[in-house]
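Just so it is clear: chains get the letters A, B, ... in the order the sequence lines come, proteins before strands, and each one is counted from 1.
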Amino acid sequence: MELAWYALLGLFFAVYLVLGGYDYGVGLLLARGGGPDRRRAALTAVGPFFLGNEVWLVAAAGILFGAFPTLEGELLSGFYPVVAAALAGVVAVAVGVQLRSRPADGRARAAWDRVVVAGSLLAALGWGGLLAGLLQGVPLTAAGHVAGLGHVVTPFVAAAGIAMVALVTVHGATFLTLRLPAADAAPLARTARRLVAVALAAVALATVAGGLSDRVRAAAQRPLFAVLLPFVLFAALLVARAALARRRPGVAFAATSAALALPVALVGAALWPHVLVSTVDPAASLSVAGAAASGPTLALLGWLTVPLLPALLGFQAMCWWVFRGRTDGRAPVYW
Amino acid sequence: MDPLLLARLQFATTTSLHFLFVAVTLGLVTLLVGLQTAWVLTGNPAYERLTRFWGQLYVINYALGIATGIVMEFQFGLNWSGLSRYVGNVFGAPLAIETLVAFFLESTFLGMWIFGWHRLRRGVHLALLWGVALTAYASAFWVMVANSWLQHPVGYEVRDGVAHLTDFGALLTNPTLGMAFGHVVAAALLTGGMLMAAVSAWHLIRHTADFTLFRTSLRIGLVTAALAVSLVVGFGFAQFGPVGQVQPTKFGGGADQGALVAEWTARFGPGDYAPPVLADVGLGFMIMIGMLLGCVWLLLPLLWRDWIIRLRVPLWITLLALPLPFAAVLLGWIAREVGRQPWVVYGLLPTGQAVSPVGPGVMLASLIGFTLLLGALAVANGMLFARYAARGAADPALGRPPAPAPEPARPMSVLA
Ligand code: HEM
């Protein structure tokens with residue numbers, strides 16, 4: 001039962017990183033310059049999906065609170081600065097994208113676009129840092145609290161944050177290659193391929209930082225998965241690069257999506273059966289079962305929400321289907 | 001500085017901001033459902049224009065509702081980890097249900113509604129708006145279920161110091177839920193109706209274009225506000241009974257209060273168990289505003305032969321009354337939440353035990369940072385809202401038909 005909920009939590013967060021990830025990637029690419037038309041086109045490409053993307057984060061947080069209340073409290077407060085940064089970024093992107101086209105004046109729009117760029121950067125840094133923080137363990141005391149916040153200030157957390165920024169940027173560029181009118185897609189594919197090289201370097205850096213950290217080595221309960229993580233990322237990025245070169249943006253997008261989703265699964269697997277590994281007192285580590293809500297709560301949530309999951313997926317799929325394909329002059333424009 | 005105080009301040013600012021925006025969201029979406037349904041049923045283009053104009057304002061307002069809502073959701077874990085630790089088994093469930101069955105769908109539907117104007121069949125497009133409205137109400141309901149549990153915990157038992165769910169049905173029949181939900185929903189409708197009436201009054205005072213359109217929305221707004229204010233007052237007074245019974249310290253007085261305080265003193269030690277006076281102040285002013293807004297009924301006879309517009313003074317009154325429902329919403333919320341102090345879960349978990357064990361520096365930085373961020377975004381949002389309200393209904397971006405197909409040279413710039 002706990003495992004099923006844990007998997008569901010991971011699924012929602014992973015889908016959020018995939019869908020929200022291209023929002024942030026497109027957001028970061030707004031900084032590329034190229035004038036208002038280019039930014040307009042990028043936002044129109046994201047347009048209809050935007051509101052449906054961030055709901056995955058909200059739902060993941062809901063599952064976290066409902067099904068893993070103890071984890072919710074310790075995870076969020078134990079990683080306070082990282083989570084707060086990600087949250088500020090999420091908020092800035094949410095508002096920036098929705099409002100940027102309301103002012104008629106180009107300067108005001110450009111200012112909102114900078115809000116989106118900054119927000120995307122913070123969100124990616126924050127979520128990348130959080131995943132890394134989990135992987136290196138936390139100073140969880142026997143009383144069940146994370147002591148202090150100094151544990152988040154490590155090279156590995158920083159490197160993972162940067163790697164996440166690079167990954168979402170590649171992902172966003174790939175998304176645009178898939179969505180923009182064919183004429184605009186070709187130069188973007190070249191940009192995306194150059195960005196793959198940057199992302200490979202960033203992931204390599206994070207891998208080295210992680211490998212050198214005793215805390216990561218000690219915290220990994222199943223080191224195999226932790227070791228697999230960088231390989232998966234490298235492989236996905238290489239597939240994306242090859243697919244971009246062969247003008248197969250769909251395949252490339254699937255590969256970059258995998259690059260964003262799989263880390264969640266691998267971090268979960270590497271720490272299993274724990275979810276927060278204590279660096280100060282092995283007995284204090286919080287297991288998935290220990291973090292979960294008690295039986296009646298999980299049963300209730302199961303009865304109420306699981307029958308609805310097909311509807312949630314169905315309406316999301318409806319949105320993807322209705323607005324599928326490349327944008328053109330007739331694509332609806334709103335933000 | 002005391003982290004508890006900082007955490008409470010942060011909760012108060014975020015919640016207040018959130019409430020101002022979601023009250024408008026809930027009120028306007030109800031009116032929009034009426035407008036778009038009328039359009040689809042009658043085919044009258046006037047309703048289409050009304051839907052687009054008010055829909056655009058609704059969508060602008062929605063942005064801040066989400067932003068503040070996301071911060072609300074994470075704030076529980078960031079600042080109030082004790083809440084999840086001790087009562088998360090019970091309190092977390094309605095919030096999880098809210099995100100999964102309500103908010104998730106609400107936003108998904110809204111995205112399709114905004115972009116679906118010329119893509120989807122009219123019936124489907126209308127159904128999406130109905131979906132947005134129903135899930136918005138569901139969202140308000142589940143949030144109130146969670147809040148009511150903090151007001152009056154039911155359906156649980158404490159084992160090893162942690163609350164466990166025993167009876168979910170009790171959460172739904174919580175005596176602090178039913179009337180409060182009716183009161184809040186009616187308050188949102190009142191706020192939406194007043195907003196619609198006030199914006200329309202502004203246009204009619206200034207003799208802007210679109211006289212007929214704003215005449216219609218003035219009438220819709222005022223009638224809605226009148227009906228809603230009656231419900232607000234009715235549900236409001238109906239709350240005193242149940243709330244006074246289960247929370248004897250809230251409105252003060254009575255033998256129950258003394259007995260309860262004696263019991264708490266025995267269980268939790270001596271302390272000040274009376275809520276701050278601010279709660280009473282909030283209650284008093286809210287009721288005053290409620291009575292004042294009841295006067296909207298006096299304006300309704302003036303709708304006859306447009307006397308309300310010809311006399312002009314009633315238009316000014318409508319416009320100037322706009323801040324009142326917003327103030328009342330905040331005051332009511334203060335009455336309810338401050339009146340629960342010093343408990344986060346009434347009689348079960350003192351507020352001080354729920355706060356996260358993080359240092360005051362982090363808490364202060366978070367308070368300042370999020371207040372500035374959300375405050376700035378809220379002000380910017382309010383300004384855009386006002387500008388779009390003032391601009392009138394000529395060609396809103398929402399629902400604008402796509403550019404004619406054969407225009408290869410930079411088709412985007414036409415739409416920007
Ligand atoms: C004669 C008028 C009114 C009466 C008798 C009244 C009564 C009440 C009472 C007793 C509460 C506190 C419930 C609790 O502590 O649990 C309350 C709360 C509240 N009121 Fe009012 N109220 C009135 C007018 C208004 C108006 C005009 C608005 C806003 C437009 C409003 C908005 C609220 C809100 C948002 C709350 C907090 C949520 C809730 O408990 O329902 N009220 N009201």
Output the residues of residues 158-167 of chain B for which the shortest heavy-atom distance to chain A is under 4.5 Å, in residue-number order; output 'none' if no such residue exists.
H164(B), L165(B)
For chain A, which residues from residues 117-127 of chain B have at least one heavy atom closer than 4.5 Å to it?
R119(B), L120(B), V124(B)
Check against ring pair (Phe, Tyr, Trp, His ring centres under 6.0 Å), Y24(A) and W127(A)
CA-CA 12 Å; Y24(A) 304 140; W127(A) 298 129; 8.6 Å; no
Checking [X] against chain B: side chain, backbone, both or neither under 4.5 Å from a heavy atom?
X: W112(A); result: side chain
X: V93(A); result: neither
X: Y334(A); result: both

Within the structure provided, determine whether [X] and [Y] are in side-chain contact (heavy-atom separation under 4.5 Å).
X: S81(B); Y: P357(B); value: yes
X: Y22(A); Y: R179(A); value: no
X: V90(B); Y: T297(A); value: no
X: V333(A); Y: R40(A); value: yes
X: E74(A); Y: V138(A); value: no

Which atoms of [X] come close to chain A, meaning under 4.5 Å heavy atom to heavy atom: side chain ones, backbone ones, both, or neither?
X: I114(B); answer: side chain
X: F74(B); answer: both
X: L110(B); answer: both
X: L374(B); answer: side chain
X: Q56(B); answer: both
X: L78(B); answer: both
X: I70(B); answer: both
X: Y86(B); answer: neither
X: F104(B); answer: both
X: L373(B); answer: side chain

Judged by atom type as modelled, is there a donor-acceptor pair below 3.5 Å linking the side chain of [X] to the main-chain atoms of [Y]?
X: Q98(A); Y: W335(A); answer: no
X: R100(A); Y: L43(A); answer: no
X: H151(A); Y: G78(A); answer: yes
X: S278(A); Y: V280(A); answer: yes
X: N381(B); Y: I60(B); answer: yes

Starting at CZ of F385(B), measure out to CZ of F21(B) and round the result to the nearest 0.5 Å.
9.5 Å
Just wondering, are more than 12 heavy atoms of other shown residues or ligands nearer than 6.0 Å to CZ in R324(A)?
yes
Distance alone, cut at 3.5 Å: any donor-acceptor contact between the side chains of T99(B) and E73(B)?
no
